[in-house]
Amino acid sequence: MKIYPSLVIPETLAAGPGPGNTDPRVLEAFAKTGVADHMQADVLRGMKEAKFMLRDLWGTKNVYTYGVAGTGFSGLDCVLSLILPGDKVVAFPNGTFSGIDSLTIRMKASTAEELAADSMNPKPASVTIVETPHGQSVSGETIDKALAQHKPMWAFMAHWETGSGRINDLKGFSDACLKHGVMGICDAVSSLGVGDFNIDDYPGIVAWASCPQKGVLSLPLTYAPVSFTDKAIEMVKKRGCRTYVHHPVLDARHWGIVDGKDVEAPAYHQTHSCYAVAAFHEALRIILSYGRARKASDYKYHEAALRQAVEAMGCEVTSNMPSLVVLNLPGKLAGKEKELVQGARAKGFGIWPTLSEPVQVRIGILNQLSPEQITEIVSRFADAMLEMGAEFDKNNVLNSLKGYYAKAA
Ligand SMILES: *Cc1c(COP(=O)(O)O)cnc(C)c1O
């Protein structure tokens, strides 16, 4: 038997697509919470308050809006469990995460025979995958054409695809779903808490999933927000779904949502953590008091600063998301993306490569919304580039950045 030394994990600068740097107030709420069981009055009150704050953050009157314990893919598993074997689905992936979501969809829509034929990568006849290349956005036109042709029951798209850093056409998706009588499902993992949008403005979409660790900034394993329209919940009630823990109707009970109404007395679903509830509650308080619109415009403002700085280092930016830049290194360093990222990560500067082809570098600014924090990221990235043999004057880059902020001030 070996007992290992106690685990020490250092502070790093999380400058990737996610997780973002957790706000110290969230960690404090997590750590100072007393042990209390999952039916204790303040834990239940915290869940109900969090549910109401989540509706404000997401701009929705959907009663079935709450958190699924776990990560982004836990919330996605919950919303994608609407899909039953044999259901006709069209999915529109354009990068790593919507690609994984499409795999989930193929698993859920497969018949028993289709699943057994290739269990890790099933290809059910009822699912059509319409791929948009990495680095491009899914367009309303592509969606409209595919839904007109295939007339599915469900359609799926990621709002912002974090793998390639692209914003997809949410209005085009919702409009096409309405036009063709299709129920839309959306992965909003990286847009909630970063973008300024109301999900009720997109009535073609019946189910949404997000995550705790990106725009919501509540990593200490908390809750993946989900939201369902009444239509989606009616479908679940009528047809059922093949999960207990991620059941859209049953899971909602612990948040005080029963028979389509907010109720005073929640019902047990699973053992929720008092620490997680307190952390999630604090994270939502922080975003709402900062202001969703202000936060969204701050992200755009600082993303533009980072974009200009990496372009001044000779990089080519191919993304259009406000929390992230995805870039190609200058010609001389092409092919060294992974090496550069590894070198940076070894020094506690947590940037990322893309996880699917083509290999690019991703630098994120979640919860880094100040000139000082962006300057630190730019400076560290410049060092990593120079070490690999890039040719530019770091002082020039930092002076231009200073100029950008001075002009704006
Ligand atoms: C990060 C991400 C996910 C996965 O979230 P986890 O918290 O890692 O489970 C899914 N979809 C998108 C668009 C993401 O950005």
Side-chain angles (χ1 to χ4, degrees), residues 14-22 26 54 58 67-81 91-108 129 131-132 134-138 155-170 173 184-195 197 199 202 205 207-227 243 245-246 276 279-280 283 299 303 318-326 350-356 360-367:
N21 291 261
T22 308
V26 171
L54 198 50
W58 235 344
V68 175
T71 76
F73 283 129
S74 312
L76 281 153
D77 195 61
C78 179
V79 299
L80 294 175
S81 72
F92 298 94
N94 65 323
T96 311
F97 295 102
S98 47
I100 296 173
D101 294 331
S102 300
L103 172 60
T104 306
I105 289 168
R106 289 187 281 115
M107 287 169 164
K108 292 194 187 286
I129 304 290
E131 191 109 30
T132 295
H134 178 105
Q136 294 177 28
S137 297
V138 182
F156 170 85
M157 187 185 78
H159 184 192
W160 296 1
E161 167 51 68
T162 325
S164 51
R166 297 297 304 188
I167 294 182
N168 295 326
D169 184 352
L170 193 61
F173 181 69
I185 303 177
C186 183
D187 172 342
V189 161
S190 52
S191 54
L192 179 67
V194 179
F197 64 103
I199 63 180
Y202 302 94
I205 302 168
W208 300 78
S210 190
C211 84
Q213 45 102 349
K214 289 181 176 133
V216 177
L217 298 163
S218 188
L219 179 63
L221 194 60
T222 62
Y223 291 100
V226 292
S227 187
T243 171
V245 72
H246 290 160
F280 186 56
Y299 272 114
E303 187 271 351
T318 62
S319 54
N320 63 357
M321 264 174 65
S323 57
L324 181 68
V325 300
V326 181
I351 57 175
W352 282 79
T354 47
L355 297 179
S356 45
Q360 294 182 284
V361 175
R362 294 184 294 163
I363 310 174
I365 58 168
L366 289 171
N367 214 15

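Residue numbers count from 1 along this sequence. Order of appearance sets the numbers: ligands from 1, and atoms from 1 within every ligand.
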Using modelled atom types only, decide if a donor and an acceptor are shared between the side chain of [X] and the backbone of [Y] within a distance under 3.5 Å.
| X | Y | result |
| --- | --- | --- |
| T132 | V138 | no |
| Q213 | T71 | no |
| S164 | N94 | yes |

[atom]: which protein heavy atom is closest, and how many Å away?
| atom | answer |
| --- | --- |
| atom 4 (C) of ligand 1 | F73 CE1, 3.4 Å |
| atom 9 (O) of ligand 1 | T71 OG1, 2.7 Å |
| atom 2 (C) of ligand 1 | K214 NZ, 2.5 Å |
| atom 3 (C) of ligand 1 | F97 CD2, 3.4 Å |
| atom 15 (O) of ligand 1 | T162 OG1, 2.3 Å |

**OP:** Using the six-membered ring wherever Trp is involved, compare the ring planes of H159 and W208 and label them parallel, tilted or perpendicular (cut-offs 30° and 60°).
**Re:**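 Rings of H159 and W208: perpendicular, as their planes differ by over 60°.
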**OP:** Would you check whether D187 has a nitrogen or oxygen atom less than 3.5 angstrom from a nitrogen or oxygen atom of ligand 1?
**Re:**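 Such a contact does occur with ligand 1.
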**OP:** Please state whether Q213 comes within less than 4.0 angstrom of ligand 1, counting heavy atoms only.
**Re:**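 Under 4.0 Å: yes for Q213.
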**OP:** Check ligand 1 against G72 and write out every atom of the ligand that is under 4.0 Å from a heavy-atom position of the residue.
**Re:**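 Every atom of ligand 1 under 4.0 Å from some heavy atom of G72: 5 (O), 6 (P), 7 (O), 9 (O).
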**OP:** Can you sort out which atoms of ligand 1 are near W160, meaning under 4.0 Å from one of its heavy atoms?
**Re:**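 Counting from 1, the qualifying ligand atoms are 13 (C).
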Original post:
Have H246 and S81 got a donor and an acceptor in their side chains that come within less than 3.5 Å?
Top reply: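 No pair is found: no donor N or O on one side chain lies under 3.5 Å from an acceptor on the other.
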Original post:
Among all residues two or more places apart in sequence or in another chain, which pass the salt bridge (Lys or Arg N to Asp or Glu O under 4.0 Å) test with D169?
Top reply: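 None.
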Subject >> Pairing residues for K108 by the salt bridge (Lys or Arg N to Asp or Glu O under 4.0 Å) criterion, not counting sequence neighbours >> reply: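 With neighbours one apart ignored, the set is D77.
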